A.B. asks: 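Below you'll find the structure I mean.
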Amino acid sequence: MKKLKYILPLLAVIGITACQKDLLSALPTTDIPDTKAFDTPDRIASQAAGLYSVLKHGKFMGGKVLIANEVRGEDYTNERSNNVTLFATWKMVATGESQEVKEIWSQGYKTINSVNVFLAGMNAKGTSVAGKEASDSYIGEAKFIRGLSYFQLLQLYARPYINGAGNQPGLILYWEPHTVAGVYTRARSTVAESYSQIIRDLDSSETLLPKEAATATRANAFSAIALKTRVYLYMGMWDKVITEANKLVPATAPFESDAGYQLESNLRTVFSGKYTGEEAIFTLPNSEATNDFPGTQTQMAYYFNPAPLGGNREYNLRPEGIIGDAFWKATDTRRKLITTASGKNYMNKYISPDPYTDYIQVIRYAEILLNLAEARVRSTNALDPQAIALLNAVHGRSDATTIFTAASFDSPQDLINTILKEKHIELLGEGFRAMELTRLGLTIPTKSSIIPPTTPTTNNYVWPISSDELVYNKGCKDNY
């Protein structure tokens, strides 16, 4: 009889993922057979907690997804020419055989399958054992994790929604669990269908989860709401961004949410290593415990810090990138999150040295304020007063010398451009840049004399599908 690792979901897929060629059969730590995993409330609680362990793996949301979206953008120079640390992605020449393309696809679908296995177990037995209140919470968390996973995969492996209103090939969607080897041939859904599944998961998650700002390291209803503002923004559905954001954000400054969220007075507080305070809506924690921190060459601080700060100086910040923009004043305190070594600038939001235990800020309140600001201007096509106030709230905590008014902008588009630039600066290093460009159908700028700009019509605007998937799932077609 198969055994389970107590803190992990039942059987989760690795390697080929969607085609299910290989299966994870973890070494037992508590000697619990798979048929007993949903027999007691404690075991069910451990299964639910284990979903976060799969999500936060360094090959997925704990590292490589964020790094890939950063280095595909224009802000970094690669120093190591190491394909293991995303050199091909930085050069915009990643193929279906590239390590990061295969690893992120694999770990993403492993996370999704772990959720599907857990939900099947809850439906078959777990809900009756755990009781309705606890069961609703666990199921809500699982659907949040699945929605987040599908969203992140969609940004790398599919054309943006703006390209044909979602009519391009999207993801392979699975709802059923895969716990034994088999043939799971399935074609890709459209981008629109993929987004619809994400919204279904998050709507359900919001309904099932408690509306309480408890620990940011477990999803709640507000996490689902906040993520929906991001999802709808990427779909260009401005009215729905506003509807969701209004559940969290008050109408007037200082925008201290009734849900318990507010901006920290100093952004360094958020990036102090293990932050779960009032700005953190959803966070992935790491610790020094065995297997509870990112694995080799998947850690944020390893990639972005210089050697004196415990990093491997894989990437430095280009002077021609956002740090060279005159909009970002020298007196802006966010520049204190940049460090200099050997005459080069490095992003220093992640500060913990080996074993790299920084918490990953997946959703921050600052992002939600800026999502709402952008959506309001695009929706009203005006110099919207609330949007300007939201912009001032985020910008002002780091640069009190600048106060925007309607007179600061020549047009609504000028205000939108300022909000986008503010977001670029505020979220630098947090895994947004490339997908912020692609959602708007913008060219990814050059970052080296050897790398031309990447236009929306070029093949490498998005990643190809993992070659493993194409070998074992004949129903899946590549992007190019």
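Remember, predicted model here, so these are calculated numbers, not experimental data.
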A.B. asks: Is any side-chain heavy atom of I112 closer than 4.5 Å to one of L153?
C.D. replies: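 The answer is yes, as the side chains (C-beta and beyond) meet within the 4.5 Å cut-off.
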A.B. asks: Output, in order, the C-alpha distance, side-chain angles, deciding distance and verdict of side-chain contact (heavy atoms from CB on, under 4.5 Å) for Y365 and V249.
C.D. replies: CA-CA 9 Å; Y365 192 52; V249 182; 3.9 Å; yes
A.B. asks: I'd like to know whether NZ of K329 has more than 12 heavy-atom contacts from other residues, nucleotides or ligands below 6.0 angstrom.
C.D. replies: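 More than 12 heavy atoms, drawn from other residues, nucleotides or ligands, come within 6.0 Å of this atom.
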A.B. asks: Dump the intermediate steps for side-chain hydrogen bond (donor to acceptor under 3.5 Å, both in side chains) on Q197 and Y174, then the final yes or no.
C.D. replies: CA-CA 10 Å; Q197 174 59 38; Y174 289 106; over 6 Å; no
A.B. asks: Taking N371 as the fixed residue, which of K228, E244, R376, K423 is the one that meets the side-chain hydrogen bond (donor to acceptor under 3.5 Å, both in side chains) rule?
C.D. replies: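 Exactly one option meets the side-chain hydrogen bond (donor to acceptor under 3.5 Å, both in side chains) with N371, and it is K423.
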A.B. asks: Regarding E288 and T357, do their side chains bring together a donor and an acceptor under 3.5 Å, going by distance alone?
C.D. replies: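 T357 and E288 do not have a side-chain donor-acceptor pair below 3.5 Å.
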A.B. asks: For salt bridge (charged side-chain N to carboxylate O under 4.0 Å, His left out), just list the numbers for K56 and D292, CA-CA rounded to whole Å, side-chain angles, deciding distance to a tenth of an Å, and then say yes or no.
C.D. replies: CA-CA 9 Å; K56 75 173 188 177; D292 199 44; 2.5 Å; yes
A.B. asks: Keeping the roles fixed (side chain from S205, backbone from G140), state whether a donor-acceptor pair exists under 3.5 Å.
C.D. replies: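 Between the backbone of G140 and the side chain of S205 there is a qualifying donor-acceptor contact (under 3.5 Å).
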A.B. asks: Inspect the contact between R364 and E426 and indicate whether a charged nitrogen and a carboxylate oxygen are less than 4.0 angstrom apart.
C.D. replies: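 Salt bridge flag = yes for R364 with E426.
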A.B. asks: Could you give the distance from CZ (F304) to CD (E70), rounded to the nearest 0.5 Å?
C.D. replies: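 F304 atom CZ to E70 atom CD measures 5.5 Å (nearest 0.5 Å).
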A.B. asks: State plainly whether the residues E374 and R439 are in salt-bridge range, i.e. N to O under 4.0 Å.
C.D. replies: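 Yes, this pair counts.
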A.B. asks: Do K336 and L267 have side chains that get closer than 4.5 Å, going by heavy atoms?
C.D. replies: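 No, side chains not in contact.
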A.B. asks: Hey, does L173 have a side-chain heavy atom less than 4.5 Å from the side chain of Y150?
C.D. replies: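 With C-beta onward as the side chain, the pair touches.
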A.B. asks: Are side-chain heavy atoms of F144 and S223 found at a separation under 4.5 Å?
C.D. replies: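 Yes, their side chains come closer than 4.5 Å.
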A.B. asks: Between N266 and R268, is there a donor-acceptor pair closer than 3.5 Å when you use the side chain of the first and the backbone of the second?
C.D. replies: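 Side chain of N266 to backbone of R268, a donor-acceptor pair under 3.5 Å: yes, one is there.
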A.B. asks: Between S194 and L171, is there a donor-acceptor pair closer than 3.5 Å when you use the side chain of the first and the backbone of the second?
C.D. replies: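 Yes; at least one donor-acceptor contact below 3.5 Å.
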A.B. asks: Between the side chains of D384 and Q386, is a donor N or O closer than 3.5 angstrom to an acceptor N or O?
C.D. replies: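 Note: D384 and Q386 side chains miss the donor-acceptor criterion.
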A.B. asks: Measure centre to centre between the rings of Y161 and Y195, then say whether the value is under 6.0 Å.
C.D. replies: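 Ring centres of Y195 and Y161 closer than 6.0 Å.
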A.B. asks: What closest approach, in Å, do V377 and P412 show between heavy atoms, and which atom pair accounts for it?
C.D. replies: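 Scanning both residues completely, I find the closest heavy atoms to be CG1-O, 3.6 Å.
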A.B. asks: Any ion pair linking R186 and E469 (charged N to carboxylate O, less than 4.0 Å)?
C.D. replies: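 A salt bridge is absent here (no side-chain N lies under 4.0 Å from a carboxylate O).
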A.B. asks: Going by an N to O cut-off under 4.0 Å, is there a salt bridge joining E141 and R218?
C.D. replies: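 Here E141 pairs with R218 in a salt bridge, since their nearest N and O are under 4.0 Å apart.
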A.B. asks: Would you tell me whether K59 and S106 have side-chain atoms, one donor and one acceptor, within less than 3.5 Å of each other?
C.D. replies: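 No, S106 and K59 have no side-chain donor paired with an acceptor closer than 3.5 Å.
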A.B. asks: Counting the benzene-type ring for Trp, do Y76 and W90 have ring centres under 6.0 Å apart?
C.D. replies: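 No, they do not, as the ring centres are separated by 6.0 Å or more.
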A.B. asks: Please check this pair: side chain of Q299 against backbone of Q297, looking for a donor-acceptor N/O pair closer than 3.5 Å.
C.D. replies: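 A pair under 3.5 Å: yes.
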A.B. asks: Output the distance between atom CG (D201) and atom CZ (F151), rounded to the nearest 0.5 Å.
C.D. replies: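 So the CG of D201 and the CZ of F151 are separated by 14.0 Å.
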A.B. asks: Any chance you could measure S149, atom OG, to M61, atom CE, to the nearest 0.5 Å?
C.D. replies: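 Rounded to the nearest 0.5 Å, the OG-CE separation comes to 8.0 Å.
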A.B. asks: Measure the spacing between CD1 of I363 and OG1 of T229 and express it to the nearest 0.5 Å.
C.D. replies: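 One finds 7.5 Å between CD1 of I363 and OG1 of T229.
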A.B. asks: Closest approach of A387 and A373, non-hydrogen atoms and distance?
C.D. replies: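 Distance-wise, the nearest heavy atoms are CB-O, 3.5 Å.
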A.B. asks: Under 4.0 Å between a side-chain nitrogen and a carboxylate oxygen: does that hold for D325 and K421?
C.D. replies: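 Counted as a salt bridge, because a side-chain N and a carboxylate O are separated by less than 4.0 Å.
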A.B. asks: A cation-pi test, strictly: NZ or CZ of K349 under 6.0 Å from the centre of the six-membered ring of F271 and no more than 45 degrees from its axis. Yes or no?
C.D. replies: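 So K349 does make the cation-pi contact.
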A.B. asks: If every non-hydrogen atom of L415 is compared with every non-hydrogen atom of L391, which pair is closest and at what distance?
C.D. replies: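 Where L415 meets L391 most closely, the heavy atoms are CD1-CD2, 4.0 Å.
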A.B. asks: Would you say the side chains of N167 and T190 form a donor-acceptor pair under 3.5 Å?
C.D. replies: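 There is no such pair between these side chains.
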A.B. asks: Assert yes or no for the condition that the ring centre distance of F282 to F222 is strictly below 6.0 Å.
C.D. replies: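 Not under 6.0 Å, so no.
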A.B. asks: What pair of heavy atoms forms the shortest contact from V462 to A158, and how long is it?
C.D. replies: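 The answer is CG1-O, 3.2 Å.
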A.B. asks: Between I199 and V231, does a side-chain contact (heavy atoms from CB on, under 4.5 Å) hold up when you go through it step by step?
C.D. replies: CA-CA 8 Å; I199 292 297; V231 174; 3.6 Å; yes
A.B. asks: Do the side chains of L263 and L369 get nearer than 4.5 Å, heavy atoms only?
C.D. replies: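 Touching, per the 4.5 Å side-chain cut-off.
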A.B. asks: Restricting to non-hydrogen atoms, name the atom on A434 and the atom on G73 that form the minimum distance, rounded to 0.1 Å.
C.D. replies: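 Taking A434 first and G73 second, the nearest heavy atoms are CB-N, 4.2 Å.
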A.B. asks: CG/L309 to OG/S352 distance, rounded to the nearest 0.5 angstrom?
C.D. replies: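 So the gap between those two atoms works out to 11.5 Å.
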A.B. asks: Between the main-chain N or O of T85 and the side-chain N or O of R80, is there a donor-acceptor pair closer than 3.5 Å?
C.D. replies: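 Looks like no, no N/O pair under 3.5 Å.
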A.B. asks: Are any side-chain N or O atoms of K447 and backbone N or O atoms of V71, one a donor and one an acceptor, separated by less than 3.5 Å?
C.D. replies: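 At least one qualifying donor-acceptor pair exists.
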A.B. asks: To the nearest 0.5 Å, how far apart are CG in L372 and CG in N246?
C.D. replies: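 Answer rounded to 0.5 Å: 6.0 Å.
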A.B. asks: What are the two closest heavy atoms between L156 and A68, and how far apart are they?
C.D. replies: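 Nearest heavy atoms, L156 then A68: CD2-CB, 4.5 Å.
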A.B. asks: Is K143 paired with D203 through a side-chain N to carboxylate O contact shorter than 4.0 Å?
C.D. replies: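 Looking at D203 and K143, the cut-off is not met.
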A.B. asks: Take atom CG in D258; do more than 12 heavy atoms of anything else shown fall under 6.0 Å from it?
C.D. replies: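 No, the 6.0 Å shell around CG holds no more than 12 heavy atoms from other groups.
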A.B. asks: Which pairs would a plain distance check flag for residues 340-347, meaning a side-chain donor or acceptor within less than 3.5 Å of a matching protein atom at least two apart in sequence or in another chain?
C.D. replies:
residue	atom	partner	partner atom	Å
T340	OG1	N345	OD1	3.0
Y346	OH	E79	OE2	2.6

A.B. asks: Is the backbone N or O of W463 less than 3.5 Å from a side-chain atom of N479, with the two atoms forming a donor-acceptor pair by type?
C.D. replies: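 Checked: pair present.
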A.B. asks: Under 3.5 Å, side chain of T446 to main-chain N/O of S448, donor-acceptor pair present?
C.D. replies: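 Flag set: sc T446 to bb S448 pair under 3.5 Å.
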A.B. asks: Heavy atoms, side chains only, cut-off 4.5 Å: are Y356 and T298 in contact?
C.D. replies: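 With C-beta onward as the side chain, the pair stays apart.
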A.B. asks: Examine distances only and state if a side-chain atom of Y350 and a backbone atom of G429 form a donor-acceptor pair shorter than 3.5 Å.
C.D. replies: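 Here the side-chain-to-backbone pair exists.
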A.B. asks: Measure the shortest side-chain to side-chain distance between L86 and Y315 over non-hydrogen atoms and say whether it is less than 4.5 angstrom.
C.D. replies: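 Yes. Closest side-chain heavy atoms under 4.5 Å.
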A.B. asks: Kindly indicate whether the side chain of D75, heavy atoms from C-beta on, has any atom under 4.5 Å from the side chain of H424.
C.D. replies: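 SC-SC contact between D75 and H424 confirmed.
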A.B. asks: Let me see the working for D414 and S411 under side-chain hydrogen bond (donor to acceptor under 3.5 Å, both in side chains), right down to the final yes or no.
C.D. replies: CA-CA 5 Å; D414 188 26; S411 65; 5.5 Å; no
A.B. asks: Please confirm whether the ring centroid of H395 lies under 6.0 Å from the ring centroid of F327.
C.D. replies: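 Distance test on ring centres: under 6.0 Å, yes.
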A.B. asks: Between R335 and W328, is NZ or CZ placed under 6.0 angstrom from the six-membered ring centre and within 45° of the ring axis?
C.D. replies: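 Yes, cation above the ring, under 6.0 Å and within 45°.
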A.B. asks: Between S204 and R200 (side chain of the first, backbone of the second, donor and acceptor by atom type, cut-off under 3.5 Å), is there such a pair?
C.D. replies: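 Pair absent, no side-chain N/O of S204 close to backbone of R200.
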A.B. asks: Check the pair L55, L284 against side-chain contact (heavy atoms from CB on, under 4.5 Å), reporting the backbone distance first and the verdict last.
C.D. replies: CA-CA 9 Å; L55 175 70; L284 294 173; 3.9 Å; yes
A.B. asks: Compute the centroid of each ring, for Y261 and then for F255, and state whether the two points are separated by less than 6.0 Å.
C.D. replies: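 For Y261 and F255, the ring centres are not under 6.0 Å apart.
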